[in-house]
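Right, one structure below, let's go through it.
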Protein chains: 2
Amino acid sequence: MNRAPSPTSTVLDDLFGALADPTRRALFTRLLHDGPQTATVLAADRALSRQAVVKHLQALAASGLASSERVGREVRYVATPERLTAVVAWLVESSGQWDRRIERLLGRVGAMPEAQIDAPHQQRGTVGPE
Amino acid sequence: MNRAPSPTSTVLDDLFGALADPTRRALFTRLLHDGPQTATVLAADRALSRQAVVKHLQALAASGLASSERVGREVRYVATPERLTAVVAWLVESSGQWDRRIERLLGRVGAMPEAQIDAPHQQRGTVGPE
DNA sequence: TTCACCTGCAACCAATCAGTTGCAGGTGAC
DNA sequence: GTCACCTGCAACTGATTGGTTGCAGGTGAA
């Protein structure tokens with residue numbers, strides 16, 4: 001599973017593209033906080049067809065923000081937020097030396113207490129770099 | 001100038017959407033590093049029509065990442081990266097307590113001197129997590 | 001074995017998007 | 001005033017996107 005990113009689009013295209021849709025962001029954060037879910041379950045409490053949700057999840061997977069594993073007859077999707085580092089890297093890199101505000105904001109994250117940082121769920125191996 | 005964001009899309013939709021296109025990202029960083037430019041000039045060294053560039057710049061402006069000012073018969077576009085704080089805010093907020101890697105990356109930036117936060121950036125309402 | 005349930009694939013539709021071209025209207029310089 | 005140059009608007013096209021529905025196929029449980 002987990003479609004390979006299309007050769008004509010870059011990692012950042014896929015990432016920003018995936019995050020540009022509110023439904024997709026919602027699915028991503030839902031997976032991030034509630035752990036693995038099937039598309040069927042995710043579609044249940046949303047006014048969306050299962051197929052629509054599947055397509056969104058595949059878009060997330062194509063960008064590396066989600067991954068799927070088969071468990072019996074179900075397919076569970078998991079958020080894989082590591083890839084967001086590419087977004088952060090772009091922010092840092094492209095901004096170079098602009099005004100300080102963003103660094104202050106980022107500083108807050110850097111200063112986060114470690115107690116809160118533990119991975120919310122097991123981050124299984126399918127994630128590998130391409 | 002600077003179209004208002006459409007009422008049906010949120011700030012984040014517009015931001016991520018604007019950044020999802022490689023041409024738009026290139027234009028943005030170009031403006032960021034080289035300073036104000038006209039669409040005509042920007043289109044010159046790109047294999048793109050002026051109108052196409054104008055549309056991209058308008059998309060950037062709609063998301064708040066660029067602004068334009070009229071100077072005589074020219075219109076100069078300027079990058080306004082402050083709005084990127086909304087992206088950072090989303091990263092911070094939605095991620096909450098994920099994996100360490102990103103914090104290391106962010107930590108590098110956050111380690112800068114004089115990091116104290118004022119108001120996290122005035123967000124015109126609609127930004128929250130959805 | 002049978003049946004219920006979940007997934008995957010395909011076709012299709014409407015809307016949006018990226019891009020083009022053509023033309024009209026301002027503005028500055030000579 | 002004239003002319004060159006830049007911008008703005010509109011129409012149009014092709015591709016992509018977000019969404020739907022229908023149906024076939026695999027899997028687990030009774």
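Because the structure is a prediction, the values reported are computed rather than measured. By convention in this document, chain letters (A, B, ...) are assigned in the order of the sequence lines, proteins followed by strands, and residues within each chain are numbered from 1.
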For [X] and [N], what is the distance between atoms [atom1] and [atom2] respectively, to the nearest whole Å?
X	N	atom1	atom2	value
L57(B)	dG19(C)	CG	C1'	14 Å
D21(A)	dC17(C)	CG	C1'	15 Å
H56(A)	dT17(D)	NE2	C1'	9 Å
L27(B)	dG19(C)	CG	C1'	14 Å
L42(A)	dG19(D)	CG	P	14 Å
K55(A)	dT21(D)	NZ	P	12 Å
L60(A)	dG18(D)	CG	C1'	14 Å
D13(B)	dT17(D)	CG	P	16 Å

* Asked: Quick one: do D14(A) and R83(A) make a salt bridge, cutoff under 4.0 Å?
  ->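 Looking at D14(A) and R83(A), the cut-off is not met.
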
* Counting side-chain heavy atoms from C-beta on, which of dG19(D), dG8(D), dC6(C) comes nearest to T23(A)? ->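 Ranking dG19(D), dG8(D), dC6(C) by closest atom to the T23(A) side chain puts dG19(D) first.
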
Which pairs, protein N/O on one side and nucleotides 21-28 of chain C N/O on the other, fall under 3.5 Å?
| residue | atom | partner | partner atom | Å |
| --- | --- | --- | --- | --- |
| dT27(C) | O2 | R73(B) | NH1 | 3.4 |

* To do: Report the distance from atom OG1 of T23(A) to atom CZ of R46(A), rounding to the nearest 0.5 Å.
  =>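 Separation between the atoms: 6.5 Å.
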
* Asked: Which pairs, with at least one residue in residues 15-26 of chain B and sequence neighbours excluded, count as a salt bridge (Lys or Arg N to Asp or Glu O under 4.0 Å)?
  ->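 Every salt bridge (Lys or Arg N to Asp or Glu O under 4.0 Å) pair that includes a residue of residues 15-26 of chain B, provided the two are not neighbours, is D13(A)-R25(B).
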
* Shortest non-hydrogen contact between T80(B) and A66(B), atoms and distance ->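 Looking at all heavy atoms of both residues, the closest pair is OG1-N, 3.2 Å.
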
* Asked: Which atom pair, heavy atoms only, marks the closest approach of S63(B) to L15(B)?
  ->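 Heavy-atom minimum between the residues: O-CD2, 3.6 Å.
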
* Asked: Relative to each other, are the rings of F16(B) and W90(B) parallel, tilted or perpendicular (30° and 60° limits)?
  ->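 Because their plane-to-plane angle is over 60°, the rings of F16(B) and W90(B) count as perpendicular.
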
* Asked: Using a cut-off of 4.0 Å on non-hydrogen atoms, how would the nucleic acid contact of R76(A) be classed: base, sugar-phosphate, or nothing?
  ->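 Here R76(A) touches no strand at all.
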
